[in-house]
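What follows is a single structure, written as structure tokens, with notes after it.
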Amino acid sequence: MKESLVQLLQQAVRRLCDAGDLPAEAVQAAVKVERARKREHGDFACGVALALAGQARTSPMAVAQKIADSISDSPLVDKVQAAAPGFVNIFLSRDALAQSIQTIRRAGEDYGRSDFGGGETIMVEFVSANPTGPLHVGHGRGAACGDALARVLVAAGFAVLREYYFNDSGRQMDILALSVWLRVLENGGEKIVFPENAYRGGYIKTIAQNFCAGGGEVCGGGALFENLPAEDEKKLDELIARGKKKLGADGWAKILNFAAGEIMENIRADLAMFRVSFDNYFSEASLAASGALEKTVAQLKNAGHLYEKDGALWFCASKFGDTEDRVVRRANGAYTYFAPDIAYHLDKVRRGCKNMINILGADHHGYIERVRAALSAAGCGEHRLDALFLQQVNLINGGKKLQMSTRRGEFVPLRTLCEEVGVDAARFFYLLRKPAQKMNFDLALARAQSSDNPVYYVQYAHARICSVLAKAGAAGGGAGIFAGADYALLQLDAESDLLGALLRYPETVTAAARQREPHQIAYYLREVANYFHVYYNRCRFIEEQAPLRAARLALIDAARIVIANGLGLLGVSAPEKM
RNA sequence: GCGCCCAUAGCUCAGUUGGAUAGAGCGUUGGCCUCCGGAGCCAAAGGUCAGAGGUUCGAGUCCUCUUGGGCGCGCCA
């Protein structure tokens, strides 16, 4: 549609240049057409005349008039007008509009799909919360956004892989094991001093109980808390060392794996509840186990991108665009988290991902450059790695702003939010903000305002349409309620507004995919719902006059399709009744 | 100190790769159901788009600076 209009305009400009009405170089002017924002401005508008006026040394209005006059007839176009200060406004023909209702209804569930992505593989990595605690409302943003983006990309013609990467090794996991172990001892009646900076959440106690119930045994603490270092983090490390000594490597691993397993299982259940699914859960520990980690380091080393300094092994990231070099292996022989991350992203490349999008919290923004640098160093520079940074979700508690912390046990579980307001409202709530916008979260407020959630406005429009269609079907004896429609009778402003919005759906989907901004779909749907509700109040659909009735029912059926498809992209249900 | 993000109505936020008179929800005020679902519709009030320069026919949007806020800068993850 847009393309053919651009062509019409270009032809007109060329004709004027050939005729000498415009300077010859005007042919090269970029002709852009955009949706008109106001009804008086028609359906599409073009601003070339404003740009050409300088070259032509006449007023923009005169140029616009010339262009409007020399546009050739087209079945698409009803009329073309020049408008101050120099826009060319295009009004589509009723025929073109009527046909588009049929186009939408024929496409049905496929309306809005495109091959914009050309079938290219793209991996969306999101959530990726470590198994140290349940998902909280901060993770919910990543889950809602990542899942919606993945759905949008699928609709835009990409082959999408969804992946969850979790760090199931390293110090965090030891702290988790320690936390559980101490709670187990506590259950056994021992007197413990639970460290301030271990995992304090109540779920740790539950895991400890389950561990005991499952026959897990642990040795007692004894002098466990004597002579500990004063500094908090050192204290944890010492407790971990004592625990490992007491339980032995196997005993420690048993409790660690049990805890991580329980938490991961819980996370998966929460994600399923939140209607988020992954093609793959990728374990960091598996990279070491499979030898991929060693292999990656060797590969970089052989290529001459690693060097030793102060006993540590460094990657010369600064040669590949990062601001400084980064440690890959510490002086104590342990790898940093960066090393497996390199191996992981090389594995993505190995699996054929030309494009990778990592959805990360804004606090990880320095991180993506170094991984990119590593990809270039490994000769995979042509594989594109992008990050979508979601700004922080702050927790508001009694008017005070806290940052959510799994360690301190300060968070609201995602599950709690969904139980309070429902999955639809929760997902829509997250998707109502663009990624770069920070977000404060107050459960009490969310609960109080849940009935104001615009999701109901959109769902209500869908349910209303279904209800009208059902009634019309019943009244009309069932079949054929759309038969004999005369679309030329749709002459209300409310009708052209609604239809105009419906026609914008496909480009809204590709824009959301291109800009990685699923929130655009949410705002678009609110607009469509608004046009529908206005229409609903403006006239009756189940009309006496059959050709008009059928046309109106077809139009709202098209609206039903768009709303259902759009909500589907957001992972929100489109109920027929509410 | 360096880097990234943000600043739009009383509050929470949109604003289509620069377009015409800057929009919506909530809140406030006043209207609309004998009729397809009132979780709806209509209207009013509410703005120096943080500030100052610049680019452009045209700037909330792009560039520079200033102010104010968030985050990051570890051989933590």
Side-chain angles (χ1 to χ4, degrees), chain A residues 32 34-38 40-41 45-47 49-54 59-60 83-87 89 130 132 167 170-173 175 233 284 309-314 323-324 326-338 341 361-369 389 391-392 394 401 403 432-440 445 449 451-461 463-472 475 504 507-508 511-512 514-515 517 519-520 522-524 526-527 529-530 532-543 549 552-553 556 577-578:
Chain A
K32 280 191 296 187
E34 58 201 22
R35 296 277 174 190
R37 299 186 187 198
K38 304 216 166 200
E40 313 90 88
H41 301 148
C46 172
L50 292 162
L52 289 176
S59 74
F87 289 97
N89 292 334
N130 295 338
T132 56
N167 291 64
R171 184 165 177 268
Q172 300 267 21
M173 288 287 102
I175 299 173
E233 294 299 319
E284 185 213 304
K309 192 179 94 184
D310 304 329
L313 193 59
W314 294 70
T323 50
E324 54 194 299
R326 309 288 176 179
V327 173
V328 169
R329 193 175 59 215
R330 296 191 277 264
N332 67 8
Y335 286 108
T336 60
Y337 75 97
F338 180 42
D341 273 351
D363 51 342
H364 286 75
H365 70 71
Y367 149 99
I368 207 78
E369 254 335 298
F389 292 110
Q391 291 297 314
Q392 199 104 26
N394 297 308
K401 198 163 84 175
Q403 258 178 39
L432 229 37
R433 254 173 198 74
K434 61 183 167 189
Q437 186 65 246
K438 70 177 183 328
M439 160 170 193
N440 291 329
L445 202 62
Q449 295 186 343
S451 59
D452 296 332
N453 192 311
V455 74
Y456 300 116
Y457 184 80
V458 177
Q459 289 181 320
Y460 181 52
R464 249 184 170 180
I465 295 171
C466 291
S467 170
V468 171
L469 291 176
K471 187 150 291 187
R504 271 186 1 245
E507 65 202 61
T508 304
R514 189 177 52 243
Q515 297 165 36
E517 290 185 338
H519 78 281
Q520 290 188 19
Y523 279 92
Y524 166 79
R526 224 172 45 75
E527 200 179 329
N530 178 36
F532 168 75
H533 288 307
V534 170
Y535 186 26
Y536 183 93
N537 280 275
R538 174 69 184 75
C539 66
R540 290 181 60 81
F541 306 132
I542 303 176
E543 236 274 338
R549 180 177 67 229
R552 284 183 173 165
L553 293 176
I556 64 169
K577 287 180 185 156
M578 311 177 47

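We name chains A, B, ... by the order of the sequence lines, and we start the count at 1 in each one.
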Check your understanding: Where each residue is assigned the nucleotide of RNA chain B containing its nearest heavy atom, which of A:A51 and A:E324 is assigned the position nearer the 5′ end?
Key -> A:A51

Practice item. Could you check whether A:Q403 gets within reach of a base, just the sugar-phosphate, or nothing at all, counting any heavy atom under 4.0 Å? Key: sugar-phosphate

Check your understanding: How would you label the contact of A:C46 with the nucleic acid (heavy atoms, under 4.0 Å): base, sugar-phosphate, or nothing?
Key -> nothing

Review point. Which part of the nucleic acid, if any, lies within contact of A:H365, taking any heavy atom under 4.0 Å across all strands shown: a base, the sugar-phosphate backbone alone, or nothing?
Key: base

Point to revise | Sugar-phosphate, base or nothing in reach of A:R433, heavy atoms under 4.0 Å | key: sugar-phosphate

Point to revise | Separation of the P atoms in B:rG51 and B:rG10, to the nearest angstrom | key: 14 Å

Point to revise | Rounded distance in Å between the P positions of B:rG58 and B:rG18 | key: 15 Å

Check your understanding: So, A:N130 side chain and A:N167 main chain: donor-acceptor pair closer than 3.5 Å or not?
Key -> yes

Practice item. Hunt down the Watson-Crick or G-U wobble partner of B:rC75, both distances under 3.5 Å, from any strand shown, or write none. Key: none

Practice item. Under a 3.5 Å limit for both distances, which nucleotide forms a Watson-Crick or G-U wobble pair with B:rC13, could you say? Key: B:rG23

Review point. Who is the Watson-Crick or G-U wobble partner of B:rG53, with both distances under 3.5 Å?
Key: B:rC63

Practice item. Using the P atoms only, state how far B:rG15 lies from B:rC73, rounded to an integer number of Å. Key: 29 Å

Review point. If the P atom of B:rU21 is compared with that of B:rG60, how far apart are they to the nearest Å?
Key: 11 Å

Review point. Quick check: does any side chain N or O of A:N537 sit under 3.5 Å from a backbone N or O of A:H533, one acting as donor and the other as acceptor?
Key: yes

Check your understanding: What is the base-pairing partner of B:rU29, counting Watson-Crick and G-U wobble geometry with both distances under 3.5 Å?
Key -> B:rA43

Review point. Reckon A:N89 touches a base, only the sugar-phosphate, or nothing at all at heavy-atom distances under 4.0 Å?
Key: base

Check your understanding: Yes or no on side chain to side chain contact (heavy atoms under 4.5 Å, CB included) for A:V328 and A:W314, after CA distance, side-chain angles and deciding distance?
Key -> CA-CA 5 Å; A:V328 169; A:W314 294 70; over 6 Å; no

Practice item. Measure from the ring center of A:Y367 to the ring center of A:F338 and say whether it is less than 6.0 Å. Key: no

Check your understanding: How is A:H519 classified with respect to the nucleic acid when contacts are heavy atoms under 4.0 Å: base, sugar-phosphate, or nothing?
Key -> sugar-phosphate

Practice item. Classify the nucleic acid contact of A:N440 as base, sugar-phosphate or nothing, counting any heavy atom under 4.0 Å across all strands shown. Key: nothing

Exercise for review: Identify whether any heavy atom of A:L432 sits under 4.0 Å from a base atom; if not, whether one sits that close to sugar-phosphate; answer base, sugar-phosphate or nothing.
Suggested key: sugar-phosphate

Check your understanding: NA contact type, A:Y523, heavy-atom cut-off 4.0 Å: base, sugar-phosphate, or nothing?
Key -> sugar-phosphate

Revision key, fill the gap. Hits for ring-ring contact (aromatic ring centres under 6.0 Å, His included) against A:Y456, two or more places apart or cross-chain, chain-then-number order -> none

Exercise for review: Would you please classify the geometry between the A:Y523 ring and the A:H519 ring as parallel, tilted or perpendicular, with 30° and 60° separating the classes?
Suggested key: perpendicular

Exercise for review: Classify the glycosidic conformation of B:rC33 as syn or anti, calling it syn when the angle lies within 90° of 0.
Suggested key: syn

Point to revise | Rounded distance [0.5 Å steps], CG in A:L432 versus CE in A:M439 | key: 9.0 Å

Practice item. For A:A334, answer base if it contacts any base atom (sugar-phosphate contacts may also be present), sugar-phosphate if it contacts only those atoms, and nothing otherwise; contact means non-hydrogen atoms under 4.0 Å. Key: nothing

Study note, to complete from the structure: Note: for A:R538 and A:A362 on RNA chain B, the residue whose nearest nucleotide lies more 5' is A:R538

Check your understanding: Quantified in whole Å, what is the P atom distance between nucleotide B:rA39 and nucleotide B:rC35?
Key -> 14 Å

Review point. Along RNA chain B, 5' to 3', what are the outermost nucleotides having an atom less than 4.0 Å from a heavy atom of chain A?
Key: B:rG3 to B:rA77

Exercise for review: Would you classify A:K434 as touching base, sugar-phosphate or nothing, given that sugar-phosphate means primed atoms plus P, OP1 and OP2, and contacts are heavy atoms under 4.0 Å?
Suggested key: sugar-phosphate

Practice item. Could you please name the partner base of B:rG58, counting Watson-Crick and G-U wobble pairs only when both distances are under 3.5 Å? Key: none

Point to revise | Integer angstrom distance from the C1' of B:rC6 to that of B:rG69 | key: 8 Å

Review point. Base, sugar-phosphate alone, or nothing: which one does A:A331 contact when heavy atoms must sit under 4.0 Å apart?
Key: base

Review point. Would you call A:E507 and A:R514 a salt bridge, taking side-chain N to carboxylate O under 4.0 Å as the test?
Key: no

Check your understanding: Looking across every strand, which nucleic acid part, if any, lies under 4.0 Å from A:A511 by heavy atom: base, sugar-phosphate, or nothing?
Key -> nothing

Point to revise | Spacing of A:D310 atom CG and A:R330 atom CZ [to the nearest 0.5 Å] | key: 15.0 Å

Review point. Considering only the C1' atoms, how many Å lie between B:rC41 and B:rC63, rounded to the nearest integer?
Key: 45 Å

Check your understanding: Counting any heavy atom closer than 4.0 Å, what does A:Q515 reach on the DNA or RNA strands: base, sugar-phosphate only, or nothing?
Key -> sugar-phosphate

Review point. Taking the same atom, C1', in B:rC11 and in B:rU28, what whole-Å distance lies between them?
Key: 12 Å

